[in-house]
Amino acid sequence: MMQMEWDFTRHALLAGAMDDAHQVSIRLIRRLALAADADEPLCLEQLLLHCEEHFMQEKAWMDDSAMPLSERHLRDHAAIHAMLINARDELRAGKAGAGRKLGTELFALFDRHFATYDAALALCMLQKRHAAGPGIPAVG
């Protein structure tokens, strides 16, 4: 199984609270992927709750920064949320391992999400914060 750890070079978007939430996401995904049968439902619930709260926060950031094409980002969130709900339903129906399987799949999915949608959101947030207008703001 792929072990995902927070990698500043690869994951940091220089977006403060977003980076903090992503570190928590990675930690919760790893915990779910490695959970014992008895811990799997709780680990999944914790990840689901975290994602719901984080996705609402990202939606607020998208709205505040007038992020273009935010509907694509939101669709990705909806797909992740649906996967989490489905895994929870499978666990409740007695299918042990459904959460662990999803946790393993989420490593690659979140890595892609961070590098694409969240990177774009972070750039929009930085542009707004620095009032740099069009283009890439100076960082440093």
Side-chain angles (χ1 to χ4, degrees):
M1 172 179 49
M2 175 181 164
Q3 286 296 310
M4 186 172 190
E5 301 289 336
W6 177 260
D7 178 342
F8 183 84
T9 305
R10 202 167 95 215
H11 297 121
L13 300 172
L14 304 176
M18 188 188 306
D19 287 341
D20 293 345
H22 290 165
Q23 288 182 51
V24 172
S25 298
I26 289 171
R27 187 171 53 249
L28 291 172
I29 291 167
R30 185 177 54 249
R31 237 169 85 202
L32 175 60
L34 299 173
D37 285 352
D39 299 328
E40 193 177 10
L42 177 60
C43 291
L44 180 58
E45 284 298 326
Q46 289 172 337
L47 177 60
L48 177 59
L49 181 61
H50 167 76
C51 286
E52 288 172 345
E53 291 171 358
H54 178 58
F55 293 168
M56 286 190 324
Q57 178 61 68
E58 281 196 5
K59 168 80 167 82
W61 289 330
M62 286 179 227
D63 293 345
D64 185 55
S65 65
M67 180 183 172
L69 304 174
S70 61
E71 68 279 354
R72 293 179 183 176
H73 193 152
L74 295 172
R75 275 197 306 261
D76 209 44
H77 285 177
I80 292 165
H81 187 260
M83 293 167 72
L84 290 163
I85 295 294
N86 185 59
R88 182 180 67 184
D89 291 346
E90 288 180 349
L91 281 177
R92 287 178 176 171
K95 187 175 178 186
R100 284 191 298 273
K101 180 178 183 286
L102 177 59
T104 301
E105 293 168 0
L106 286 176
F107 285 137
L109 195 141
F110 268 79
D111 204 37
R112 178 195 51 80
H113 185 88
F114 294 161
T116 56
Y117 294 117
D118 288 338
L121 175 55
L123 179 58
C124 287
M125 291 166 63
L126 284 171
Q127 285 177 327
K128 183 177 189 293
R129 187 178 319 141
H130 296 291
I136 300 173
V139 178

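No hydrogens, no waters, no symmetry mates; every other heavy atom, side chains included, goes into these values.
- Not counting sequence neighbours, E53 has no partner by the side-chain hydrogen bond (donor to acceptor under 3.5 Å, both in side chains) test.
- Partners of K59 under the side-chain hydrogen bond (donor to acceptor under 3.5 Å, both in side chains) rule, at least two apart in sequence or in another chain, are D63.
- Cluster membership check: I80 shares its hydrophobic cluster with I85, using side-chain heavy-atom separations under 4.5 Å among Ile, Leu, Val, Met, Phe, Trp and Tyr.
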(request) Assess whether side chain to side chain contact (heavy atoms under 4.5 Å, CB included) is satisfied between E58 and L74, documenting all intermediate values. (result) CA-CA 9 Å; E58 281 196 5; L74 295 172; over 6 Å; no
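- Judged as a side-chain hydrogen bond (donor to acceptor under 3.5 Å, both in side chains), and not counting sequence neighbours, Q57 has no contacts.
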(request) Check the pair M67, W61 against side chain to side chain contact (heavy atoms under 4.5 Å, CB included), reporting the backbone distance first and the verdict last. (result) CA-CA 8 Å; M67 180 183 172; W61 289 330; over 6 Å; no
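- The side-chain hydrogen bond (donor to acceptor under 3.5 Å, both in side chains) check on S70 picks up nothing, with sequence neighbours excluded.
- In summary, of the residues considered (L84, I29, L109), a side-chain contact (heavy atoms from CB on, under 4.5 Å) with L102 occurs for L84 alone.
- Checked against salt bridge (charged side-chain N to carboxylate O under 4.0 Å, His left out), D64 has the following partners two or more places apart in sequence or in another chain: K128.
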Counting only pairs under 3.5 Å, give me each side-chain donor-acceptor contact of residues 38-49, with atom names and distances, residues two or more places apart or in other chains.
residue	atom	partner	partner atom	Å
E40	OE1	G97	N	2.9
E40	OE1	R100	NH1	3.4
E40	OE2	G97	N	3.2
E40	OE2	A98	N	3.3
E40	OE2	G99	N	2.7
E40	OE2	R100	N	2.8
Q46	OE1	R31	NH2	2.3

(message) One pair to check against side chain to side chain contact (heavy atoms under 4.5 Å, CB included): H73 and D118. What are the steps and the verdict?
(response) CA-CA 8 Å; H73 193 152; D118 288 338; 3.0 Å; yes
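- The hydrophobic clustering, which links ILVMFWY residues whose side-chain heavy atoms are closer than 4.5 Å, places L28 and L32 together.
- Within the structure, the salt bridge (Lys or Arg N to Asp or Glu O under 4.0 Å) test picks out the following pairs touching residues 74-86 (sequence neighbours left out): D76-R112.
- Donor-acceptor pairing under 3.5 Å is lacking for the side chains of H54 and S25.
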(message) Between F110 and I26, does the side chain to side chain contact (heavy atoms under 4.5 Å, CB included) criterion hold? Intermediate values first, please.
(response) CA-CA 8 Å; F110 268 79; I26 289 171; 5.9 Å; no
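- Listed by chain and number, the residues in a ring-ring contact (aromatic ring centres under 6.0 Å, His included) with F55 are H77 (sequence neighbours excluded).
- Listed here is the closest heavy atom pair of A33 and G103: CB-C, 3.9 Å.
- Here L106 contributes atom CG and K101 contributes atom NZ; the two are 10.5 Å apart, rounded to the nearest 0.5 Å.
- Transitive grouping of hydrophobic side chains (ILVMFWY, heavy atoms separated by less than 4.5 Å) keeps Y117 and M18 in distinct clusters.
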